[in-house]
2 protein chains.
Amino acid sequence: MTPENATPDAPAPGTAPDAPAPGTAPDAQRPGGRTARVRAAVLRAAEDALVEVGFAGLDLGDLARRAEVGRTTVYRRWGSTGALMADLLADMAEQSLPRARTGSLRDDLRANARLVARTLADPRQGALFRAVLVAATCDEAAAEALHRFYLVRVAEWAPCVADAVERGELPPDTDPFEVVRAVSAPLYYRMLTTGDPLDEAAADRAADAAEAAARAGAYRRA
Amino acid sequence: MTPENATPDAPAPGTAPDAPAPGTAPDAQRPGGRTARVRAAVLRAAEDALVEVGFAGLDLGDLARRAEVGRTTVYRRWGSTGALMADLLADMAEQSLPRARTGSLRDDLRANARLVARTLADPRQGALFRAVLVAATCDEAAAEALHRFYLVRVAEWAPCVADAVERGELPPDTDPFEVVRAVSAPLYYRMLTTGDPLDEAAADRAADAAEAAARAGAYRRA
DNA sequence: CCGTTAACGGGACTCTTGTTCCGTTAAGAT
DNA sequence: ATCTTAACGGAACAAGAGTCCCGTTAACGG
């Protein structure tokens, strides 16, 4: 993500050397300094470009210019915008913020809802998330990366719900993942299908609705 | 939508004649027979193409070939894929199915949830909806058309909730639109962020959760 | 039925996107 | 320090998307 402090051993996705001869060595090539620097610069440029022109307007040639990298390099290493998005999502998944621990289900869910709403409402982050969602509907690899990304995020917050179950606030067979998803869902739906703003009121309503439904047992397993 | 039985007076969106001279007549040109036929053929072709290659892979030249229409015509009348999607969405908005009237809030909401789930799970309809959502995040005109589309759909089902309020099943100041949206939201969220199937169980859970939250007063106004 | 002109359609043209070729640079091993 | 070669980058090339020009077709008004 960030240019310099990227993990230097970050491996490119499924990439073959220049001439992918049929009998080449299996894997693990040369991920050191320069390669990592190029990757970081391109991913950073991709973020900028996504915010400005969205996924549909993404052009690998333009990316190369922004990242001050050879056009050929970008085409060779990622090949398609979808593959690049998958790589970017893998990078994003490593930056989840830690969940809240207020001790109250209501406040934990509200904290989550407000975080999501703030993220989606933020000009840069919001545009980035929309672009990434778009990419996932266009490219299979990006879709898988996106699913992993949300799995990581939801798993981070699920313990809030599990703790509430433990405390007896919710039915014992409540599915924590479903409750966390129920908090985000209305916010994403609103962003996509209406032009209404994602303010704190909307966030709190989403959290409270999820909590009420969970208490009523709407998210019990099987 | 369908090739032949399209309304013959369907107007193209904001379109100027071949040479948009500054002092031309205001509007309402010549929407008769041929024009309407071309529009229907192109919109139909657009649906097919969206299902096959998605919004990102949409190419106006290819559309012209599919619709057996001059390439120039497509570029002139719509100009961009976004404008074409806006036109397609306006067309789709006229085809809402009527809401359920079971007399029970629970069954009405379940009927709505199952309809949404079936639509999104359908190979053709689902792909079309995903493509349209993508278009809305890429193009301002398409976004507005999409908002109108969902407003129409939600308004069709809102009376189910209003009737339940009338019957005393829900708090009197419940916002019917928000309840209807709460039914769809988890289904869209699931489609986008996980690979899980949209089956009847998921639909029923979405409906029941929305109902429980509504009963608890989570969707009261102000 | 006839005239006017909005709208259509073919073909040439341009500019952008993506690929290929090959020489250059620097990572990693000895 | 030196060698090997993975990975980078420039330039030429091919393919395709979008635009322009201008002749043709068919709505709509009289």
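Every chain is numbered from 1 and lettered A, B, ... according to where its sequence line falls, protein lines coming before strand lines. Any value given below was found using the heavy atoms of this structure, including those in side chains, with hydrogens, waters and symmetry copies removed.
Candidate nucleotides D:dC20, C:dC8, D:dA27 were compared by shortest atom distance to the side chain of B:Thr72, and D:dC20 ranks first. When each of D:dA27, D:dC8, C:dC8 is scored by its nearest atom to the side-chain atoms of B:Arg37, the top-ranked nucleotide is D:dA27. When each of D:dG10, C:dC8, C:dA26 is scored by its nearest atom to the side-chain atoms of A:Arg34, the top-ranked nucleotide is C:dA26.
Distance B:Leu60 CG to D:dA17 P: 10 Å, rounded to the nearest Å. Taking atom CH2 of A:Trp78 as the reference point, atom C1' of D:dC8 lies 12 Å away to the nearest angstrom. Atoms CD (A:Glu68) and P (D:dG10) sit 11 Å apart, rounded to a whole Å. Remark: C1' of C:dT17 and CG of A:Leu58 are 13 Å apart, rounded to the nearest angstrom. Between the P atom of C:dA6 and the CZ atom of B:Arg76 lies a distance of 12 Å, rounded to the nearest Å. With rounding to whole Å, A:Arg39 atom CZ is found 17 Å from C:dA27 atom P. For A:Asp62 and C:dG18, the CG to P distance is 11 Å, given to the nearest whole Å. Per the geometry, CZ belonging to A:Arg77 stands 9 Å off C1' belonging to D:dA7, to the nearest Å.
Between A:Asp163 and A:Arg99 there is a salt bridge, with a side-chain nitrogen of the basic residue lying less than 4.0 Å from a carboxylate oxygen of the acidic one. Ion pair A:Glu156/A:Arg153 not flagged as a salt bridge, since none of the NZ, NE, NH1 or NH2 atoms sits closer than 4.0 Å to an Asp/Glu carboxylate oxygen. Using a 4.0 Å cut-off between a side-chain N of Lys or Arg and a carboxylate O of Asp or Glu, B:Arg39 and B:Asp87 qualify as a salt bridge.
Across all strands shown, D:dG29 forms a Watson-Crick or G-U wobble pair, both distances under 3.5 Å, with C:dC2.
Dashed line: the shortest gap from a side-chain N or O of B:Tyr75 to OP1 or OP2 of D:dG18 is under 4.0 Å. Close to D:dT19, at under 4.0 Å from its OP1 or OP2, lies no side-chain N or O of B:Arg71.
A:Val183 places none of its side-chain heavy atoms less than 4.5 Å from the side chain of A:Val116.
Surrounding CZ of A:Arg101 are at most 12 heavy atoms belonging to other residues, nucleotides or ligands under 6.0 Å away.
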